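Just so it is clear, the structure is predicted and the values come from calculations on it, not from any experiment.
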Protein chains: 2
Amino acid sequence: MEHRIERIKKQLHAESYKLTPQREATVRVLLEREEDHLSAEDIYLLVKEKAPEIGLATVYRTLELLSELKIVDKINFGDGVSRYDLRKEGAAHFHHHLVCMECGTVEEIVEDLLEDVEKKVEDQWQFQVKDHRLTFHGICRHCQQKNKESN
Amino acid sequence: MEHRIERIKKQLHAESYKLTPQREATVRVLLEREEDHLSAEDIYLLVKEKAPEIGLATVYRTLELLSELKIVDKINFGDGVSRYDLRKEGAAHFHHHLVCMECGTVEEIVEDLLEDVEKKVEDQWQFQVKDHRLTFHGICRHCQQKNKESN
DNA sequence: TGTGTTATTGATAATCATTTACACTTGATA
DNA sequence: TATCAAGTGTAAATGATTATCAATAACACA
């Protein structure tokens with residue numbers, strides 16, 4: 001945890017930004033709740049527990065900054081809210097998501113499913129891929145089971 | 001064009017909705033500007049040219065309805081606006097998008113790149129895939145060329 | 001032709017996530 | 001210490017979308 005924060009601090013400095021206490025508090029929440037797809041509001045409330053004087057706008061500004069620096073991923077599941085995830089270190093890509101259309105849970109796939117596909121896109125469309133977002137919508141294991149039982 | 005509208009009309013009837021003049025005007029705009037990723041506002045303005053009395057709320061309602069019936073795809077490129085595309089007939093899936101990070105243009109891929117990947121997801125995660133969204137972010141052919149020339 | 005019922009509409013206001021404006025702090029540097 | 005830019009919190013503004021509601025249209029039936 002502390003190491004990760006130290007590295008983020010350096011990364012910010014490299015771009016001539018500072019890791020202010022407010023920014024650090026936000027990063028700590030993201031670190032504690034990694035992979036939780038928190039909205040800005042969620043993060044704001046969690047940050048407030050530790051540092052009640054912090055403002056929502058600052059959280060938004062921090063998330064925007066971290067997003068630009070590719071430290072967090074800003075993701076969008078189609079409900080009108082952006083969600084933020086700390087990017088796994090060294091991860092060049094978004095992970096993929098399985099969104100259940102019945103219960104709404106979101107599962108992660110960290111494995112890169114798209115190596116071949118990316119290669120194809122680069123070759124066939126001469127499009128230089130920097131990043132991608134892949135979301136599957138469907139029925140999760142759990143809901144499939146439930147449906148089977150209720151029939 | 002007329003055939004397509006006729007089929008949409010039937011599809012609406014099957015779900016006990018009517019193809020009102022307002023809805024038809026909206027569908028016609030979508031047909032004329034297929035694959036243009038229009039926002040609700042864009043569509044509203046285009047509909048207004050033909051039928052000035054139509055209201056923005058009605059356009060939203062129509063798009064919502066068409067979206068539920070899977071006649072249009074509601075897509076989201078991460079700017080705070082939903083965009084709407086008439087789904088290609090018989091297309092079971094969203095098409096894929098190449099979003100250029102420099103000039104912002106969006107290119108389509110209609111070919112299904114994910115058959116294998118979907119199969120893997122179904123097997124490995126027992127997740128029953130109904131739909132997916134895949135967006136690549138990177139540099140388009142055109143901007144790659146421009147960058148090369150300016151160096 | 002009327003009449004009741006229901007869905008649909010347009011205008012408008014409300015909502016809600018996100019941004020912006022602005023006056024105030026802070027922290028580094030001269 | 002004085003200065004200056006960067007960063008902050010509060011509050012107001014913005015902009016997309018949704019909800020509300022009275023008016024209208026469509027239709028089924030007397």
More than 12 heavy atoms of other groups within 6.0 Å of A:Tyr17 OH: no
Calculate the interatomic distance between [X] atom [atom1] and [N] atom [atom2]; express it in whole Å.
| X | N | atom1 | atom2 | result |
| --- | --- | --- | --- | --- |
| B:Tyr44 | D:dT17 | OH | P | 14 Å |
| A:Leu19 | C:dT26 | CG | C1' | 15 Å |
| A:Asp42 | C:dC16 | CG | C1' | 14 Å |
| A:Arg83 | C:dC16 | CZ | P | 15 Å |
| B:Leu38 | D:dT17 | CG | P | 13 Å |
| B:Leu63 | C:dT8 | CG | P | 15 Å |
| A:Leu12 | D:dA6 | CG | P | 15 Å |
| A:Asn76 | C:dC16 | CG | P | 18 Å |

Identify whether any heavy atom of [X] sits under 4.0 Å from a base atom; if not, whether one sits that close to sugar-phosphate; answer base, sugar-phosphate or nothing.
| X | answer |
| --- | --- |
| B:Ser82 | sugar-phosphate |
| B:Arg23 | sugar-phosphate |
| B:Gln22 | sugar-phosphate |
| B:Glu64 | nothing |
| B:Glu41 | nothing |

Candidate list A:Lys50, A:Glu49, A:Lys48, test side chain to side chain contact (heavy atoms under 4.5 Å, CB included), partner A:Leu46, passing option: A:Glu49
A:Asp36 side chain to A:Leu38 backbone, donor-acceptor under 3.5 Å: no
Polar side-chain atom of A:Ser16 near backbone of A:His13 as donor-acceptor pair, under 3.5 Å: no
Residue whose closest nucleotide on DNA chain C lies nearer the 5' end, A:Ala57 versus B:Pro52: B:Pro52
Does [X] place a side-chain N or O at less than 4.0 Å from the phosphate oxygens OP1/OP2 of [N]?
| X | N | value |
| --- | --- | --- |
| A:Tyr60 | C:dT18 | yes |
| A:Thr20 | D:dA6 | no |
| A:Thr58 | D:dG9 | yes |

Residue met sooner reading DNA chain D from 5', once A:Ile54 and B:Lys18 are mapped to nucleotides: A:Ile54
Any A:His97 side-chain heavy atom under 4.5 Å of A:His37 side chain: yes
B:Arg61 side-chain proximity, nearest of D:dG9, C:dA11, D:dG7: C:dA11
